Amino acid sequence: MDMTHSIENSVKDYLQKKYEVTVESFEFQQTRKEFEGDITLVVFPLLRYVKTNPVKLGEELGEHLVKDVEQICAFNVIKGFLNLSFTNSFFVNQLEEIITTQDFGTQQKDEKSDKMMVEFSSPNTNKPLHLGHVRNNLLGHSVSEILKANGKEVFKTQIINDRGIHICKSMLAWQKFGQGETPESTEMKGDHFVGKYYVIFDQKYKVEIKELIEKGHTEEEAKKQAPLLLEAQKLLKKWEENDTETVALWQKMNNWVYEGFEKTYSDLGVDFDKNYYESETYILGKEFVLKGLKDGIFYKKEDGSIWVDLSEDGLDEKLLLRADGTSVYITQDIGTAIQRVKDFQINGLVYTVGNEQDYHFKVLFLILKKLGFAWAEHLYHLSYGMVELPDGKMKSREGTVVDADQLIEEMVTSAQEIAEELGKIDDLEKEEKQKLYQAIGKGALKYFILKVDPRKNMLFDPKESIDFQGNTGPFIQYTHARIQSLKRKANIADFSVIDYKNALDLKEKDIIKHLLKLPSTIAQAGDELNPALICNYTYDLVKLFNSFYQNSPIIIEDKNVTQFRISIADQVAKTIALNLNLLGIESPQRM
RNA sequence: GGUCGCAUAGCUCAGCUGGAUAGAGCACCUGCCUUCUAAGCAGGCGGUCCCAGGUUCGAAUCCUGGUGCGAUCACCA
């Protein structure tokens, strides 16, 4: 299957016999389209072993390869580049192998498969999800699917930050100003409803601060002494003391939020195998911190707080447990990681968390290693960049966040408008149409976000709507739909029969060559936890196919040609569907 | 200030472990629906790959220094 191996072996033998040198690695690249050939061997690196000029060596190797390797039929040498051409039958055979391979490009999981957990989303329960969460969710879901395609067993999880001062603020505001209204009575989505009270808290809190400053307090004092904040803190304390009424309120409001989140997750097409709740796990880490203390890995300060010294690893000292014995963020992360390994016997864990927490995860992984957990070697922080607006970062307090639910709805509406204008699906049932608008609108949104390298910050301009043309989800979906239409019209029962003696044209070869790269692309996307690679690959494939489609008629008189071309088309469609699925995007039959 | 990351066309982004004349999309301009879906195809315009050194047959890519932007350095999460 992989031609580079046969070429490598042949060249290796040749150099050994002729020049008595042993060359271990060779450099190949795709032949640039302005030159003739299907693969290119770069000759320059070989000059280290064989002192001659690159063109001469290239010619020599070319002549040898044409004789020695059956699938190579021609070559040319330009400067230090040896361009090799494959035979017609090579391409036909490769296509046949691709078509007859079940789920070509992916690996099946078996008993020996790695068990990986992917954590993503992990929201606070005081406000609805925004565009930043959307990027997080889409990445987490896609990476999970990509890992599955690489033969891993995958568990998806989130940790819900359901406790703390933020939810108490919403609770307090609702108690004081809510007059008993509920999501039902206001017909609001639960997370938006609770978020509304978080905003109300902040507004009233600001008024109090202003009043205190006017009475002569410094800003800092005012922020700490504002009655509302003190009350919220009191509420948190009551919660920690398990006060029945407070816990009941906390549960009620959190449940409203969960209902809202459920809707958003379902809209995004993401789900989880298990939810962890911080209110249940925040105590977990403590015993391991204490154990670490006993083992001398950590140390205690005079005030009783527990620390770890990471200065030998180039980092600072880090607090692990407060003097009063309460836990901090990292304490619970230690416990949660240990719990997860216990619960699922995983041997790898991916944290989908923004790059603002790079330092935190460096520290966390180091601590787990120091505690002696072998699996700590297999923790990965999928550190993704911020979604920025034209005027900078999104800030919830300043109301510049892009709301997830609203954005999804807008995308679906846009899809509907475009589809209605084009009028190609007017004959579909109402329900079918709605499904299609959903698929296309979300396809546009998801692809828009996933095509960007996760590690990089990306820009979203709310004033400029997300495109449906060019390098977009709908463009790819469209190509899939068009191929389905071809298949319906071709009247061919079996797309897997390949018996073709005609000469392949350039575009057919290009498509087959690109299909051959699918396995390594999926593997690389898995290694790098990078869905953007799938986007790029799929986009390139679709462009190649569209060019082919538009320039060579597929359904023609000659049944043999039709059979061959429709088989290529079908395989392209299968590949699109496979890849879009890895991205969490649907592949419509029509559009 | 220390640490980490980023800088490529007017805008948004690709560019794999160094390889041929740096690529797409959007925008702008020109063609193509009497033949399989024009959310498409063919083409044009557009670049000091942030700057300066270095490494070598060869650097957008690696190294050093600088500039700019961002993140982080909490008994917040």
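Since the structure is predicted, the reported quantities are computational estimates derived from the model, not experimental observations. Letters go in sequence order (proteins before strands), and every chain restarts at 1.
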Open item on the list: Atom CZ of residue position A:Arg488 - does it have more than 12 heavy atoms of other residues, nucleotides or ligands inside 6.0 Å?
Closed with: yes

Open item on the list: Of the options B:A20, B:A77, B:U37, whose atoms approach the side-chain atoms of A:Phe35 most closely?
Closed with: B:A20

Open item on the list: Taking donor-acceptor contacts at under 3.5 Å, does the side chain of A:Gln550 reach the base of B:G40?
Closed with: yes

- [ ] Give the rounded distance in Å between these two atoms: CG of A:Asp316 and C1' of B:C75.
- [x] 15 Å

TODO: Specify the separation, in whole Å, of atom NE2 of A:His480 and atom P of B:C36.
DONE: 20 Å

Task: Out of B:C13, B:C75, B:G19, whichever nucleotide has its closest atom nearest the side chain of A:Trp307 - done: B:C75

TODO: Give a yes or no on whether a donor-acceptor pair under 3.5 Å exists between the nucleobase atoms of B:C26, that is its base, and the side chain of A:Asn471.
DONE: no

TODO: Select one nucleotide: of B:G25, B:G40, B:C36, the one nearest the side-chain heavy atoms of A:Leu486.
DONE: B:C36

Open item on the list: Ring centroids only, cut at 6.0 angstrom: are A:Tyr329 and A:His360 within range, meaning strictly under it?
Closed with: yes

Open item on the list: Quick check for you: among B:C36, B:G40, B:A7, whose closest atom lies nearest to any side-chain atom of A:Ile555?
Closed with: B:C36

Task: Any N/O donor-acceptor pair, A:Asn83 side-chain to B:A20 base, under 3.5 Å - done: yes

TODO: Determine the sole option in A:Leu310, A:Leu320, A:Asp333 for which the side chain to side chain contact (heavy atoms under 4.5 Å, CB included) test with A:Val363 is passed.
DONE: A:Leu310

TODO: Would you kindly check whether a donor in the side chain of A:Thr40 faces an acceptor in the base of B:A20, or vice versa, at under 3.5 angstrom?
DONE: yes

Task: Distance flag, aromatic centroids of A:Phe361 and A:Tyr351, threshold under 6.0 Å - done: yes

Task: Where the chi angle of B:C4 falls, syn if within 90° of 0 and anti if not - done: anti

TODO: Determine, answering yes or no, if A:Phe81 is stacked on B:A20 under the 5.5 Å centre rule and the 30° plane rule.
DONE: yes

